[in-house]
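Accompanying notes for the structure given below.
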There are 2 protein chains.
Amino acid sequence: MKRDSRLSITLHALLHMAERETITSEELAACLSTNPVVVRRTMAGLREAGLVRSEKGHGGGWSLVRDLATISLSDVHAALGEPPVFAIGNRTEAPGCVVEQAVNAAMDGALRDAEALLMQRLERISLADLSNDFQRRMAIRRQQMKEQNHGG
Amino acid sequence: MKRDSRLSITLHALLHMAERETITSEELAACLSTNPVVVRRTMAGLREAGLVRSEKGHGGGWSLVRDLATISLSDVHAALGEPPVFAIGNRTEAPGCVVEQAVNAAMDGALRDAEALLMQRLERISLADLSNDFQRRMAIRRQQMKEQNHGG
DNA sequence: GTTTCATGTAACTCAATGTGTTACGTGATA
DNA sequence: TATCACGTAACACATTGAGTTACATGAAAC
């Protein structure tokens, strides 16, 4: 099954957005190695959810509305329309076959718990957390570059 | 994304299989409202994993090799080739962009934990558990039928 | 006012993949 | 030898995320 990477794409875009006052779809697409239309299409939900804003014309582009710390990964997932999390699932929702009912009950229970855990995790991670991790990684990378230069 | 219901289908088939000495793909397909070829194709992995056996010719069909209690749902998932659990995921596995690395790390962490929980749940449910639940549901249904008959 | 820039959106294509179906080969039993 | 049942290849189909093109809308610059 093909992977849905919209959440991943969107988080990536939001962090790049946070680094600048405003940024165009074209620039974001370059950062993400994708197409400007894909960016606009994906961000549409975030605009409706009030997480970001978009301006047309000269000097236009995308900008964050809320602070990074107030946006959780689950907020972003919700803004995207809560796309399905699982690739696996039951074949029939309300089967007449009692055997299938038993199968569905077990599967639903396990999937429900796993999804609850995942959502809990996504709720507890904010964009600020991601940004901090990004800064930390950048510092490490700078340090490595420096050592490499001294060595050469 | 389209749902992968092979685990659900297979569990359903296994429980029907447990009710009889042997059962043909045709009969299973009728139980599952699908096609005999789909049954054979899906069960191929289970045969290779030694969970079931198949016989050709007159009186042939599928039969269970191991006891229901010794087969967990995660065994079945593994026999199917461990199809991907999540519909969502990262866009790039090993991105050069540090921003994307931070995004991936967070997503991977959350997904890994959720998958671990799901697998733990699937490990702890055996086919015997499902069968017991099935029997319980059948008893309830029989009781309901009885009450309905007395009432009418 | 016209030009330029940037978003908004529809429409089409492409790729991946689970599922359904047909067709034919293999092997076992009656 | 005929029949039954599995094994498998090959193809069709539907869904869906992603990429792309085309065009309309609106805002700023000139």
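Fair warning: this is a prediction, and the values are worked out from it, not measured in the lab. Chain A is the first sequence line, chain B the second, and so forth, proteins listed ahead of strands; every chain is numbered from 1.
Applying the 4.0 Å criterion to OP1 and OP2 of D/dA18, one finds that A/Ser5 has a side-chain N or O inside that range. Taking only side-chain nitrogens and oxygens, B/Arg47 comes nearer than 4.0 Å to OP1 or OP2 of D/dG7. Side-chain nitrogen and oxygen atoms of A/Thr24 include none within less than 4.0 Å of the OP1 or OP2 phosphate oxygen of C/dC5. OP1 or OP2 of D/dG19 sits under 4.0 Å from a side-chain N or O of A/Thr34. Applying the 4.0 Å criterion to OP1 and OP2 of D/dG7, one finds that B/Ser54 has a side-chain N or O inside that range. The phosphate of D/dT25 (OP1 or OP2) has no side-chain N or O of A/Arg40 nearer than 4.0 angstrom. Checking the phosphate oxygens (OP1, OP2) of D/dC6, a side-chain nitrogen or oxygen of B/Ser25 falls inside 4.0 Å.
More than 12 non-hydrogen atoms from other residues, nucleotides or ligands lie less than 6.0 angstrom from CD of B/Glu19.
Here the C1' atom of nucleotide C/dA6 and the CZ atom of A/Arg41 are 17 Å apart, to the nearest Å. Taking atom CD1 on B/Ile88 and atom C1' on D/dA18, their separation rounds to 17 Å, with Å as the unit. If you take CG of B/Asp4 and P of D/dT15, they are 17 Å apart, rounded to a whole angstrom. Taking atom CD on B/Glu27 and atom P on D/dA5, their separation rounds to 8 Å, with Å as the unit. Regarding B/Leu28, its CG atom lies at a distance of 16 Å from the P atom of C/dT19, rounded to whole Å. Look at CG on A/Leu32: it is 15 Å from C1' on D/dG17, rounded to the nearest Å. Between the NZ atom of B/Lys56 and the P atom of C/dC24 there is a distance of 17 Å, given to the nearest Å. Atoms CG (B/Asn35) and C1' (D/dG7) sit 14 Å apart, rounded to a whole Å.
Each of B/Glu55 and A/Arg6 was assigned the nucleotide of DNA chain D with the nearest heavy atom; the assignment lying further toward the 5' end belongs to B/Glu55. Take the nearest nucleotide of DNA chain C for A/Glu48 and for A/His58: the residue whose nucleotide is more 5' is A/His58.
Using modelled atom types, one finds a donor on one side chain and an acceptor on the other under 3.5 Å when comparing A/Trp62 with A/Ser25. A donor-acceptor contact closer than 3.5 angstrom is absent between the side chains of A/Glu55 and A/Thr22. B/Thr92 and B/Glu100 share a side-chain donor-acceptor pair at under 3.5 Å. With no hydrogens or angles considered, no side-chain donor-acceptor pair links B/Thr70 and B/Asp67 at under 3.5 Å.
Nearest nucleotide to the side chain of B/Arg91, out of C/dA30, D/dG19, D/dT21: D/dG19.
Among the protein residues, A/Arg53 comes within range of no part of the nucleic acid, since none of its heavy atoms lies under 4.0 Å from any strand.
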